[in-house]
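Naming: A, B, ... by sequence-line order, numbering from 1 per chain.
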Amino acid sequence: MDITSNYFTSKQFNASKLSQSYYYHHTTSQTTSSSSPPFLHFAIALSQVTSTTKRLLKEQILTNILLVYLYYDRRKRNQDCCSCPTTTTVITSLEKNSMSSTTTLHATLLAGNVATHGYTLNIGFASISSSLCTSLQCSKTLLRQKIQKKGEMGDAAASIWSGSGVGSSGGTQSRIDGWGIQKKKRKCLEMRDMIDVISCINDMNQSNGDKGVEKRKKDAMSKIFSVVHHPDELRFAVKIFCNNMRTGATLVTVMRCLAAAHVLHKYNRINADMEEEEEEEVVIINENNNNNTYYFKVRPKKSNQNNRDCKSKIKQDIIHAQETFRSVYARHNDLKSCVVALVLGGMEGLLSACDVKVGVPVQPLLAAPSRSVEEVVLHYAENIPSSFAAVTSSSSSCGKGDDKGDNEENTVENRCITATNNTSENDASDDIPLLTAEYKYDGQRAQIHYQRIPSADDGGDDAQKEDMNILFFSRNLDNVTVKFTALVEWMKSRLQKLEMIRSFILDAEIVAVKRCCHQTNNGQGCSSSNAETILLPFQVLSTMKRSAVAAADELDMKRSSRNDDDDIELCIFAFDIIYLDGKALVEHVLIDRRKLLYQALSPIVQPGYFEFANSIDIVLNPTTDDLNSNSEAILMLESYLTKSIGPGRCEGVMLKSLYSKYKSSDTREKSGGFGGWRKLKKDYVDTIADSIDVVPIGAWRGNGRKNKWFSPFLLAVYDPDSGDFQSLCRCMSGFSDDFYKEKSIFYSNRLIETKSSVVSTNENPTFWFDPCEVWEIRGADLTISPVHHAGRGQMMGSAGEGISLRFPRFVRLRDDKAPEDATTGRQIIELFHSQSQRQNVMK
DNA sequence: TCTGATGCGTC
DNA sequence: GTCGGAC
DNA sequence: GTCCGACGACGCATCAGA
């Protein structure tokens with residue numbers, strides 16, 4: 001059997017058999033009973049995925065390889081237990097974790113994201129290349145050159161491997177056929193081997209204090225590198241260790257394929273049971289009859305009258321499965337339990353086993369950037385659903401009121417402020433706010449899970465002790481509870497008394513703050529009336545300790561000698577609630593969720609510790625393109641934006657429809673529509689943003705698709721006092737491909753040998769340029785930098801430090817300016833100071 | 001014990 | 001976080 | 001609109017090597 005054969009039936013479609021054609025003398029004749037698919041199969045499929053830019057084709061290939069994995073999975077399960085799985089067995093096997101879902105691991109590997117399976121490698125470019133050099137017996141220089149040429153380490157390794165015949169175990173020459181396969185008796189590299197090594201490396205991270213971890217990791221990788229039989233095997237092994245597959249398909253795509261594969265797998269099974277002859281076929285098509293263009297797809301049944309119906313039925317099922325899986329996974333962000341539930345219990349099993357649950361993170365809603373107040377207002381106004389009238393009339397008990405000012409904005413009563421005003425002549429029903437704007441805090445996103453659990457070891461019967469579980473998840477859904485030990489303790493103490501609240505999941509932003517308590521006559525502590533929360537910039541928050549050990553140390557320090565000023569005070573700004581007292585709220589509309597949030601958690605609000613995000617509600621009139629009908633909304637939003645970045649000390653404003661659910665994409669309503677969140681930051685808006693004129697002084701060589709160009713560029717500011725070009729930041733965003741092409745040629749002709757004496761930076765780019773141009777760039781904040789020198793020598797006090805730019809991006813070429821006309825170091829300092837004032841940075 | 005290199009996660 | 005490219 | 005992959009500044013954690 002050969003992979004270039006045109007048709008495989010599902011029964012024949014067996015990856016082990018397939019692989020036999022590659023391994024002339026397999027070590028064991030029992031290939032078909034192997035529990036793991038061969039790695040070669042995986043590698044070749046991914047090679048195909050990589051070689052096309054067509055998304056549908058990528059999906060087709062991935063779907064089919066996942067189909068293969070499902071066969072393996074089922075066969076393995078059949079060995080364990082022959083009974084048909086039911087929902088109960090799904091749940092019990094999930095709970096007991098008795099059945100490992102290899103399919104999940106395979107999907108994870110296809111997406112090149114081992115983190116989704118809980119693995120951390122802590123391996124990078126340096127150790128991989130070192131391991132590679134020993135396995136391939138090549139010099140670092142050769143590898144570096146190849147990487148430069150190929151733009152990527154995996155491709156480089158494969159290229160070296162093919163060219164030198166290093167795969168041979170004896171180190172001598174060996175015969176390699178057209179596929180680069182050695183006709184030699186050896187073990188087939190299986191998926192299992194790869195997974196074992198990954199798991200092994202992951203475990204090494206736990207062995208704390210052990211010496212020689214680096215070496216053992218390299219050895220583990222070499223184990224794979226040295227048994228490779230085919231360049232693609234090496235190529236993708238390397239890519240997996242790099243955690244960057246560059247196949248053009250990430251987890252999002254792989255999950256869609258997984259859902260599709262599940263449906264196809266089911267059809268194959270049903271048909272196989274019913275009628276052997278008319279079995280739905282999984283076929284491998286090699287249209288051009290050459291080895292480079294095969295792919296798999298389901299071939300409709302031959303000579304079947306219902307062929308077309310059947311085909312469209314399958315297609316429908318696939319789409320449905322994909323949507324379901326996506327939405328379930330969004331609520332229950334644990335790939336393993338979702339896949340296991342799907343594989344064992346089908347759609348029903350998936351839906352029943354994987355709902356919103358305390359302890360399992362929910363995919364957070366994100367916001368799309370908006371360029372102006374007008375754009376945002378228009379966006380929402382245009383997308384108001386026609387069914388809207390019905391929705392508004394049934395909801396909202398919000399009263400009307402005026403903005404009462406900073407101090408009272410966070411009280412529950414003042415939450416509901418409409419944008420109504422005395423000039424409005426409209427029908428009163430038009431004045432119901434549809435939009436809400438919230439401060440966009442410059443902190444760290446956190447999803448806070450809470451649950452009261454009856455204490456297990458409670459002897460007394462009337463004491464009724466309860467434990468309180470609190471978990472913090474980051475934006476990327478890592479469990480970061482240990483980082484916020486102090487907040488956990490604070491919340492526990494506050495929630496202790498709030499017995500009626502059993503459980504919740506909050507969406508919030510954690511911000512570093514300075515708590516100020518104004519003096520009062522009665523000498524009481526801080527209360528809402530005399531407390532003030534001063535928000536500190538992100539850079540302060542980022543200096544927090546991360547590990548459990550460090551957190552414990554910090555607690556100890558606090559008890560003993562630690563100066564209070566060194567402690568970073570944190571405040572939680574809650575802005576949404578996803579789950580409350582056993583009930584998922586993802587299907588609730590924001591206006592209702594917010595009401596529940598305020599009702600449930602107002603009792604624990606304490607300024608500087610736990611607050612609700614500042615917000616205003618805005619009336620919106622349906623319109624297509626007429627801004628006048630929403631001029632009130634625009635004015636209101638403009639002033640709110642100004643306030644948020646001025647006195648509010650925030651990054652800007654978040655915008656949400658009050659009638660959107662907590663889900664990123666509905667079938668009907670894509671995230672870009674009425675339901676999506678938007679963000680509006682100062683630096684997005686042309687009219688308020690500061691731009692900086694900067695001089696390119698150097699660059700590196702790009703990776704991957706930017707391999708042939710300079711990327712990133714090193715940009716500098718000019719200091720007329722010293723005549724120096726002081727680096728401000730690297731920059732790689734905002735350039736079009738054409739610009740890259742042009743500038744790569746332009747600067748190739750303006751390279752200088754070594755770092756110029758008028759250049760001041762800690763960076764060491766591969767290429768140095770003759771400073772000759774001015775580029776306009778834009779960014780968010782200026783930060784104190786350990787590597788960039790902008791403004792150096794002009795800073796008060798700290799001569800050794802410079803200033804850098806957060807989120808830099810290219811805007812345009814300033815061909816009207818000479819390098820000496822660029823923004824000066826002094827100007828950078830001024831900008832930094834005005835920003836510091838705004839941000840209340842205290843040194 | 002300290003330092004620089006490296007990895008990783010936050011924005 | 002930012003952005004441009006391809007679909 | 002969606003998905004993907006080019007990469008930004010920073011700071012902490014960890015480890016090898018001095």
Hey, are A:R792 and A:E801 close enough for a salt bridge, meaning a charged N less than 4.0 Å from a carboxylate O?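 Salt bridge between A:R792 and A:E801, a charged N being under 4.0 Å from a carboxylate O: no.
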
SB check A:K681 A:D781 (cutoff 4.0 Å): no

Without decimals, in angstroms, what is the distance between [X] [atom1] and [N] [atom2]?
X      : N      : atom1 : atom2 : answer
A:W709 : C:dG5  : CH2   : P     : 8 Å
A:R809 : D:dG5  : CZ    : P     : 22 Å
A:F810 : C:dG5  : CZ    : C1'   : 17 Å
A:E152 : D:dC7  : CD    : C1'   : 15 Å
A:K211 : D:dG17 : NZ    : C1'   : 9 Å
A:F735 : D:dG8  : CZ    : C1'   : 11 Å
A:H379 : D:dG1  : NE2   : C1'   : 11 Å
A:K681 : C:dG1  : NZ    : P     : 7 Å

Q) Can you say whether the rings of A:W775 and A:Y747 are parallel (under 30°), tilted (30 to 60°) or perpendicular (over 60°)? A) perpendicular

Within the structure, does a side-chain N or O atom of [X] lie under 4.0 Å from either OP1 or OP2 of [N]?
X      : N      : answer
A:R256 : D:dC3  : yes
A:T783 : D:dC10 : yes
A:K679 : C:dT2  : yes
A:R55  : D:dC3  : no
A:S785 : D:dC10 : yes
A:T250 : D:dC4  : yes
A:Q539 : D:dA9  : no

Among side-chain atoms of [X] and [Y], is any donor-acceptor pair under 3.5 angstrom?
X      : Y      : answer
A:S47  : A:R235 : yes
A:T761 : A:S727 : yes
A:H788 : A:N762 : no

Original post:
Taking the same atom, P, in C:dA6 and in B:dT3, what whole-Å distance lies between them?
Top reply: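 Per the computed distance, 49 Å lies between those P atoms.
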
Nearest to the side chain of [X] - [options]?
X      : options              : result
A:R678 : D:dG1, D:dA13, D:dA6 : D:dG1
A:S733 : D:dA16, D:dC7, C:dC3 : C:dC3
A:C729 : D:dA9, C:dC3, D:dG1  : D:dA9

Considering every strand and a 4.0 Å limit on heavy-atom distances, what is the contact class for [X]: base, sugar-phosphate, or nothing?
X      : result
A:L805 : sugar-phosphate
A:A249 : sugar-phosphate
A:T247 : sugar-phosphate

Just jot down the side-chain hydrogen bond (donor to acceptor under 3.5 Å, both in side chains) partners of A:R814, sequence neighbours excluded, or say none.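 Partners of A:R814 by the side-chain hydrogen bond (donor to acceptor under 3.5 Å, both in side chains) criterion, ordered by chain and then number, come out as A:D816.
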
Given protein heavy atoms under 4.0 Å, the one-letter contact record of nucleotides 5-11 of chain B, with B base, S sugar-phosphate only and - none, is simply -SSSBBB

Side chain proximity check, A:C650 to A:D442, heavy atoms < 4.5 angstrom: no

For residues A:K140 and A:S130, report the shortest heavy-atom separation together with the two atoms involved.
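Scanning both residues, the minimum pair turns out to be NZ-CB, 4.0 Å.
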
Of A:R705 and A:G212, the one whose closest nucleotide on DNA chain D sits nearer the 5' end is A:R705

Result for 5'-nearest mapping on DNA chain D, choosing between A:G248 and A:H788, is A:G248

